[in-house]
Amino acid sequence: MTTSDTEPPVPDHFASRSGTGIAVQDVAKRFGAVQALGGVSLEFRPGRVTALMGENGAGKSTLLKILTGDHQPTQGRILLDGRPVAFGSPHDARKAGVRIIPQEPEIIPHVSVAENVYVGSLPRNAWRRLDRAELHRRIATDLARLGFDKVIDPDELGSRLTAAQRQMVEILRALIGEAKVIAFDEPTSSLAEHEVEALFTLIGRLRAQGIAIIYVSHRMKEIFRLADRVAVLRDGTVAGVLEAADISEGEVVRLMVGRDLSTLFVRQDVAGDEVVLALDGVTTDDVTGIDLTIRAGEVVALAGLIGAGRSELARAIAGDLPIRSGEIRLNGKPLNLRTPKDAIRAGIGLAPEERKAQALFLQRSIRDNTSLVSLERLRRLRFVKRRDERAVAQEFTDRLRVRTPSIEQEIGKLSGGNQQKVVLARWLIRRPKVLILDEPTRGIDIGAKAEIYRIIADLARQGVALLVISSELPEVLGLADRIAVMQNGRITGELDRAEATEEAILNLAMTDDLTAATTAVPDRPRTDPADGGLR
Amino acid sequence: ACSSGQETTNAGGATGKIDGPLTLTYLQKQGDQEYFISEATGARAKADELGIGLKVVNLGNDANKTVSEVQAAIAQKSNGLIVVVPDPAVGPQVARTAQDAKMALITSDDQICTTGPDPSACPVANLVPRIGFSGAQMGGEVGKRAAEEFKKAGWKSAETATISAWKQDVTVCSDRVKAAEDAFAAGGGTGVKNIDVPTDNTPTGAQDKISATITANPGVKHWVVWGCNDENVQGGVTALENAGFDADDVIGVGLGAYLACKNWGSGKPSGMKAALFINGRDVGALAVQTMYDNLKIGKALPKEAFAPTKMVDDSNWQAAGVTCS
Amino acid sequence: MTTTTPGAPAKTDEVTVTAGRKRSPIAVVGGQNLSLIVALVAVLALFGVLNDNYLSWNNIQVIGEAATITGLLAVVQTIVIICGGLDISVGSQAGLASVVSAMAFTSTASNPYLGMGAAIGVGVAVGIVNGVVIVYGRVNPTIATLAGLAAYKGIAQLVSDGRAQGYVLNDPFFVFLGRGKIAGLPVMIWILIVVALGVHVLLKYTDIGRNLYAIGGNDTAARLAGISINKYLVAVYALIGVVAAVAGILLTARTGSGQPVSGSEGLELKAITAAALGGCALKGGKGGIGGTLLAVALLGALENGLTVQGINTFWQNVAQGALLVAAVVIQQRRTGERAVGLPA
Amino acid sequence: MTTTTPGAPAKTDEVTVTAGRKRSPIAVVGGQNLSLIVALVAVLALFGVLNDNYLSWNNIQVIGEAATITGLLAVVQTIVIICGGLDISVGSQAGLASVVSAMAFTSTASNPYLGMGAAIGVGVAVGIVNGVVIVYGRVNPTIATLAGLAAYKGIAQLVSDGRAQGYVLNDPFFVFLGRGKIAGLPVMIWILIVVALGVHVLLKYTDIGRNLYAIGGNDTAARLAGISINKYLVAVYALIGVVAAVAGILLTARTGSGQPVSGSEGLELKAITAAALGGCALKGGKGGIGGTLLAVALLGALENGLTVQGINTFWQNVAQGALLVAAVVIQQRRTGERAVGLPA
Ligand SMILES: Nc1ncnc2c1ncn2[C@@H]1O[C@H](COP(=O)(O)OP(=O)(O)OP(=O)(O)O)[C@@H](O)[C@H]1O
Ligand SMILES: Nc1ncnc2c1ncn2[C@@H]1O[C@H](COP(=O)(O)OP(=O)(O)OP(=O)(O)O)[C@@H](O)[C@H]1O
Ligand SMILES: [Mg+2]
Ligand SMILES: [Mg+2]
């Protein structure tokens, strides 16, 4: 339970930064009835990447928020370079060089990216005049330095950014000025593969500069690549700390979950012959000429880079974006979807990618959030059968191991991963004929992931046709019976499970010139004029 | 090109005769109130009859808008201005602005003074010519009639209370009810307790407030109600009726008669015993005629001209010309 | 539900039921409501001590009757605020309905049902216009209903020529509405009770209510969850129109004639105040009828008490403002919310 | 009335940093503003054709003067709405300041500067009270300032006994304010221009202004970035107090005496209407002075035009409501927004 003090030899360039990093001693935090942290002691050393792992709701974000002044601990203290510090506000922490890239990006909608990044420390001339030229210089430099200059326009408004771009804004914010400690709270959950690469390069550079890095993620692959040390939280306490050499997936999982997870993916071949969903030349403003079929019990994954149009396709199938031409058939019958309601009625469900913006009712209870799309079945004479409602809500929160004191808890008070589980529960309860899951495991811990994979397999066995959109290639490979790869609004190829490899997928997802496919995010023409409207 | 706003453009006072087409502007406070609607109707009818142009503008209760609209009338090259100010304090500004523009000015209903905010403290020479009724006079009539009814009913002073209901931040209302109170006392109602009830001058507002007052004074057996307008009295009479008081135990004396008449029209006994009928049409017409005479014929403006008021009741309201919509 | 086996739910039920039982009484009433109850009791006690008749059954009824029209409008305002909208035109709608009811009554040879039917018809029409302008015209609800505030008032004035219209107190049904009693309680209060109870049930116990909260809480998510937001919103504005029409009819019944402006002007602010004081977040997604009614009662009791004590309008304004703030401050202090930025 | 500065108008409200990208002329003025300009031109042309004097320099000045007080309050309302707040008490604040200015003037042996100083002092105090109640008392801004609406009106009535106070038209400075001219333009209009320009510069060209947008757009982001939200909010409410006091002083100068209620009642709705019509999102984070001033000009021109044409109040109400809706509908139609849910 204690932090190991066997340090690897300090490389030379560490001399560039003095100090001993940041440490918490016996820190506890309580939210009303919830004990989020109970006496945590950890050290985060300069020039090292400490991965912080743990199940959803284990207290990772809470710990980071305490470190960065956003929450005050109910007990314990923080040491920065050996001296006790009390951060009354995130601003105090910032000034002391402690930064965080939070789990949910906080974007200011109606101002530019540049201002979003420099908010709170905008460059100014005399008389507090905003120095726009300087602002522009700085943001250009920053973007270039991080390799984001091609994917994000500094003049774009915050409200128009994609999830990945929002994440980038947060990263940029954290890097302004002198930093001693930078905490990343699941930074890759909305980034594409190559952006993840750019981020890792960046983290490597920061590490080399002697910055103490705290890295929270549920992705094992990343942990192996990055971490010098892994600290595992369980139920708000430290379950163990592993040095780089000792890190193994099994050990981490055992510390997190308290048991072994024998199999992550449940593979099975239950796909029937009956085609449930068929897309024939579906064209919308964002995607062109999509042909795709999903059979009962089949799991089809949609792979591709961010901006490939996967989410748009999903929303079109779910009735949320208008279809310009082409046809969607369900069990052979053509559908005319004008609203998501039509799709849901027909039996198509979509768990969207951005839970906070597109799925959650933050002020409502877990019960409310889970039952919402199934109320038609949970009512009599339009009166909600509360007992039944509670029963199913309880059943699914239990099955997904949602960490909460009760199903009456406001969903906004759950940890990110647990919120995601509730979103899934909503659709699991409804059990549609076709279920589209857009990034279903974003921010979900490995134990719950296994559970979700198992549930996906269950649904498949019951004959549900599943379309899973995921940016995590291992997940795509592990889950899918068939993989369709999208690029630039078109399907560039389909791979059977047998022939699918990461390389094959990436080949289909990227053009020869990788940047050309990914840079034009804001201004890429949505439809190909030569093809638009032909079908 | 700087102006201090002080310069007076040779105060000529009287304005010259006007040939050619004539346009008048009638600025009214509370232009959506029944009385002032009648006034506007009367004024329009008269203007049509005389073949002149007339614009009627509702000022609401807005002293600031008053100034704006006077300026607008000037910018529109209107020939004469008739105004009912929302507050007499804005009078000097109105008078001054009109004078600068050499525009003829009379007031209707409420008096204004050219040199100070308070007409009652104004040298007579500085009062702007006025058509209408005086608040004190109206209140006095109401109080007098209430006292007569009170004596006729033969109630004991100790068992009776009077209610003055009005919107307390409207100055002309305060003047009316004070006058009514004084006249009631003078007319024989001495020793009767008076209760001031603040209302918003609407029938429901008055009804709610007076209901509360009634329950707060359970010892009172007979009630006398007056107020700033018919709405207040109507609300009071209804409140008393709802509280179980017999029509015989209530004396309501309205001011305006436009709501009071509805009680009488129904043919049932009502606590509304009388109302002062002030005919807005007459005032509007008289104001337009006076202005016309001045501008066209050059007839001097009278210092003050009164339209007739009449106390009406169940028996004579139709004969007196009260129209009940 | 297909996924639950017959045996399973019974167990879960037990768990949740016990979990439900353990909720503290404060949680049951709701923190917001508790503060309002405390404030209400304080006001009643204060004026009860100062004035013997204040707590008499008579005066309680007076308070209730006086609060009815505001109460009706506050109840529907609560619904629309929960949806994330707002209706500033409720007062004007009531005024229009009042005039229409009286005029239709008069022109149909004194048929009260036709009069009221006409008023309610107009209410539905006006409400649908509001909803359509907001939803399909894409006009912000504040702006749209501000425009409605002016426009419907204008229409009421035009049809009535700005005068009080008709006389309805010779009709037994109008008289019954205005001053009748059922089981000792004024009819007006019964109407408020019925409407409030209906809306409460709608909001709390039906899926319609759930959907309304969802729309106000997160409209994107609501849309993706298959809720026909547009239909709901238009329906809500139509419902407001109906209830505003009922308020207008009561106005006619109380005053005896159709009032185009007098008596309905300014009601929108009162209704919004009550809803907000009762715990509605103006951003939508939060609030309930209980809180709103308590707020209506509190404001009504306060106003009556101040009048009973003979306090003049000026002090009443100051006292109302100060008490409003005090009530909310105390309420917020109790929740121990962090004081950074704007409160919801 | 419009404050387009010669050099720097080439930016929309929303886009703050131009990267040398070509922008269409529409984007330069801003879509919202363009619709308002079109509407304004349409109104001016319509009434200009109908009435010879409407477009006279005299009448333009009249429109400007009439719009000044609303304009001032709309400008500060814009700031607070950008921060995500609201101030419904501006009218009452102006009334209080008006009374105070006249009474202080009278009681200091007719010293206009002391009179105005006192009014501004009261304005600052009232503004700070608002801010503190909202920020530290955790009272929702709508409720807090609704309470203020009643309370400050009550205080103004109490100090003035509900009557207009004092007489200032014997003082040259007040007269200068009320009807003086500088370079042919009324002083009042100059004051509006100066205040609007100042606020515009503050919002667009200083980091203070940018921080205000950040606070309204996403207060969590602002807090995490170390912006002292609380200080900013209190300061904004204090600024409103000052500008409302200036409005009150102008009210005194224009009407000749301190008006507790008359002339200031209802200004809050006008100010909010103008701000919202000018493109402020009531959720905060969006809006600008240009749009607000255009909206003030549009509403002022419309009102004057309707009066000039002798349209009666009833029709004016209807016309204003209908035009307000029409303007916004056209504007929204142009942007081709999808009609689902509530518009911002
Ligand atoms: N504001 C809050 N109010 C009440 N409970 C809270 C609050 N914030 C967090 N919690 C609770 O504290 C616990 C720890 O939450 P935290 O967000 O730190 O988890 P996490 O480890 O970051 O999980 P995830 O991997 O899902 O992001 C959870 O049970 C959560 O429900
Ligand atoms: N807010 C927006 N404004 C303008 N264009 C957008 C916006 N969001 C997405 N797009 C465009 O839509 C296209 C599809 O983007 P989207 O993010 O849905 O792709 P995706 O394949 O689903 O990626 P992801 O992995 O993020 O889900 C992109 O070309 C992008 O430019
Ligand atoms: Mg977390
Ligand atoms: Mg996507």
Subject >> Heavy-atom pairs under 4.5 Å with chain C, option from D:I215, D:T273, D:N317 with the top count >> reply: D:N317
**OP:** Can you measure from CG (C:L146) to NZ (D:K270) and round to the nearest 0.5 angstrom?
**Re:** 12.5 Å
Original post:
Taking D:A319, D:A156, D:A151, D:P260 one by one, which has the highest count of heavy-atom pairs under 4.5 Å against chain C?
Top reply: D:A151
Subject >> Top contributor to chain D interface from C:I272, C:T142, C:L233, C:I155 [non-hydrogen pairs under 4.5 Å] >> reply: C:L233
Original post:
With chain C, which of D:D161, D:I88, D:T220 has the greatest number of heavy-atom pairs at distances under 4.5 Å?
Top reply: D:D161
Original post:
Roughly how far, to the nearest 0.5 Å, is CG of C:L269 from CG of D:L269?
Top reply: 6.5 Å
Subject >> Exercise: identify the closest heavy-atom pair between D:I143 and C:A276 >> reply: CD1-CB, 2.9 Å
Subject >> Inter-residue atom distance D:Q316.CD - C:Q157.CD, 0.5 Å rounding >> reply: 10.5 Å
Original post:
Hey, what do you get for CG (D:L158) to CG (C:N312), rounding to the nearest 0.5 Å?
Top reply: 6.5 Å
Original post:
Side chain, backbone, both or neither: which part of D:I227 has a heavy atom under 4.5 Å from chain C?
Top reply: neither
Subject >> Choice from C:A147, C:G266, C:C83 maximising heavy atom contacts with chain D below 4.5 Å >> reply: C:A147
Subject >> Heavy-atom proximity to chain C below 4.5 Å, by part of D:I134 >> reply: both
